[in-house]
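Okay, structure first, notes after.
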Amino acid sequence: MPAAPSANAQETADEVVAAHAGADDAMTNVPPPRTITADLEDLFQRLSGIASFPVVARRVLEVAGKDDCTATDLLEVIEQDQVLAMKILQTVNSSYYGLPNEVADLRRAITLLGVKQVRNMAMTVIVGRHLTLAPAGAMIDPVRMWDHSVCTAAACRIIAERTKSADPEEAYLAGLIHDSGLLVIDQKLRERMPNISKRYQATRDWMAAEQEVLAFDHAQLGAYIAWRSGFPHRLVAAVDYHHSPTDAEGDIAALASVVSVANYLVSRLGRSAMAERRLAPPLEVTFDRLNLTRHSVRDLWADLEQMLENVGALKAV
């Protein structure tokens, strides 16, 4: 099980502050923004063929991404998977959402919470099945990865709401899939992981270690898999740049910055994808882009600690 947040939270929050001192797209065929070589594209195609998200994920994204999507449209897709429908209802009625009255049917849930939130509930269930049913890797525990993904998604939602820098539901979905490439590398290229780990121990930079050993990094691979799985381009780009948001342009930079900060803070709170990996803090310009001051980071830290106590309700379904 992932480690609980440190009891010495104030000290860690001070470290975070000190470190700081140093609308959905329509479906699109635009590929991930960072270019790759022909050899890498061949490898990525083979890996994404194995690791792409299930067909139901594409259908949910496609239908929910339409401007004229109705509750009936989304309901028709979800009800084709009765287990998915049941688990969404469990999520709606979980302590995470804290609704005053139990919701008895999906149509009511969609009407009450909206298409985007129910879409994200569906994707949370789908991604959870996708991750936790995978065979255990050599270094990364899929359950730990699942915990990190959900925690980051929930943190992205809070940060987007607090800073008004991105659509909260779009940010949630970007956070949910941001590290999908990491688990694929561990499971499909596992013989390379010891070398990556060795380079990381020398450089303390996991992305640089991946680039040195593999000639690509998990953000690139995750973005390619998301693209092949039918995720909107903005989400694909946010995955691609979640470790380098200052390289992104336009409003993609804000979304990637939300994911970057959420990923870092959640990891510092003990909910990292890998126990041995310590994330470097995002650059100060990333915090500045979100108008996150030292004081607001402190407040955010406290709120995230409380939020993570309730995230278990999302993983339990």
Side-chain angles (χ1 to χ4, degrees), residues 27-62 123-124 126-146 148-149 152-153 173-200 205-244 247 256 259 263 272-274 276-277:
M27 299 299 292
T28 174
N29 290 323
V30 178
R34 283 195 288 166
T35 58
I36 56 177
T37 65
D39 288 343
L40 280 183
E41 182 164 16
D42 181 62
L43 173 63
F44 281 15
Q45 284 180 348
R46 286 186 278 117
L47 290 175
S48 65
I50 299 169
S52 290
F53 292 98
V55 173
V56 65
R58 179 184 287 271
R59 290 289 300 133
V60 168
L61 290 168
E62 182 178 8
M123 293 304 301
T124 300
I126 293 167
V127 171
R129 292 193 303 203
H130 185 65
L131 291 180
T132 57
L133 290 179
M139 293 182 61
I140 302 176
D141 177 5
V143 176
R144 185 182 185 113
M145 173 65 76
W146 173 220
H148 174 69
S149 299
T152 303
L173 198 49
L176 187 68
I177 65 171
H178 77 285
D179 261 350
S180 55
L182 187 58
L183 193 61
V184 174
I185 290 172
D186 183 48
Q187 293 177 349
K188 305 305 178 184
L189 300 172
R190 64 179 58 187
E191 72 281 359
R192 313 296 288 278
M193 286 293 283
N195 287 337
I196 296 172
S197 181
K198 183 178 180 180
R199 288 306 306 151
Y200 169 70
D205 185 333
W206 188 269
M207 299 288 282
E210 287 179 337
Q211 285 284 353
E212 184 173 336
V213 174
L214 301 173
F216 65 90
D217 57 60
H218 70 270
Q220 286 177 293
L221 177 58
Y224 192 91
I225 292 170
W227 169 54
R228 288 290 299 269
S229 298
F231 283 82
H233 177 65
R234 286 169 53 81
L235 296 179
V236 171
V239 172
D240 212 352
Y241 288 123
H242 77 271
H243 280 290
S244 54
D247 292 337
V259 180
N263 186 33
S272 61
M274 299 175 64
E276 70 171 68
R277 178 179 168 221

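All values derive from a computational prediction rather than experimental measurement.
Shortest non-hydrogen contact noted between R144 and S272 is NE-O, 2.8 Å. Minimum interatomic distance between L189 and L214 (heavy atoms only, all atoms of both residues): CD1-CD2, 4.4 Å. Closest of all the heavy-atom pairs between A273 and I140 is O-CG2, 4.0 Å. Closest approach of L176 to A153, counting heavy atoms only: N-CB, 3.6 Å. Between K188 and E191 the shortest heavy-atom distance is O-OE1, 4.5 Å. The two residues P33 and H233 have their closest heavy-atom pair at CD-CE1, 4.3 Å.
Applying the side chain to side chain donor-acceptor pair (under 3.5 Å) rule to E41 yields no partners; only residues at least two apart in sequence or on another chain are considered. For D240, the salt bridge (Lys or Arg N to Asp or Glu O under 4.0 Å) partners are R34, not counting sequence neighbours. In this structure, Y241 has no ring-ring contact (aromatic ring centres under 6.0 Å, His included) partners at least two apart in sequence or on a different chain. For R277, the side chain to side chain donor-acceptor pair (under 3.5 Å) test picks out H243, with sequence neighbours left out. Shown here are the side chain to side chain donor-acceptor pair (under 3.5 Å) partners of E276, two or more places apart in sequence or in another chain: S197. Listed by chain and number, the residues in a salt bridge (Lys or Arg N to Asp or Glu O under 4.0 Å) with D247 amount to none (sequence neighbours excluded).
Using a 4.5 Å heavy-atom cutoff, the side chains of Y224 and V239 are not in contact. Residues F44 and R228 form no side-chain contact, since every pair of their non-hydrogen atoms from C-beta on lies 4.5 Å or further apart. With contacts defined as side-chain heavy-atom distances shorter than 4.5 Å, the pair P54/H130 qualifies. L47 is listed as a side-chain neighbour of L43, based on a closest heavy-atom distance under 4.5 Å. Under the 4.5 Å side-chain criterion, counting only non-hydrogen atoms from C-beta, V60 is in contact with M123. At least one side-chain heavy atom of I177 sits under 4.5 Å from a side-chain heavy atom of F231. P142 is listed as a side-chain neighbour of Q187, based on a closest heavy-atom distance under 4.5 Å. By the 4.5 Å heavy-atom criterion applied to side chains, Q220 and L40 are not counted as neighbours.
Using modelled atom types, one side-chain atom of S229 and one backbone atom of F53 make a donor-acceptor pair closer than 3.5 Å. Under the 3.5 Å distance criterion, the side-chain polar atoms of E212 are left unmatched by any main-chain donor or acceptor of A209. Remark: the backbone N or O of M139 is paired with a side-chain donor or acceptor of D186 at under 3.5 angstrom. Remark: the backbone N or O of G222 is not paired with any side-chain donor or acceptor of H178 at under 3.5 angstrom.
The distance from atom CZ of R234 to atom CG of L173, rounded to the nearest 0.5 Å, is 12.0 Å. Expressed to the nearest 0.5 Å, how far OG of S180 lies from CG of L221 amounts to 7.5 Å. Rounding to the nearest 0.5 angstrom, the gap separating the CD atom in Q211 from the CD1 atom in I196 is 10.5 Å.
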Could you go through the side chain to side chain contact (heavy atoms under 4.5 Å, CB included) check for M193 and V213 one step at a time?
CA-CA 9 Å; M193 286 293 283; V213 174; over 6 Å; no
Checking side chain to side chain contact (heavy atoms under 4.5 Å, CB included) for the pair M145/D179: CA distance, chi angles, key distance, verdict?
CA-CA 8 Å; M145 173 65 76; D179 261 350; 3.8 Å; yes
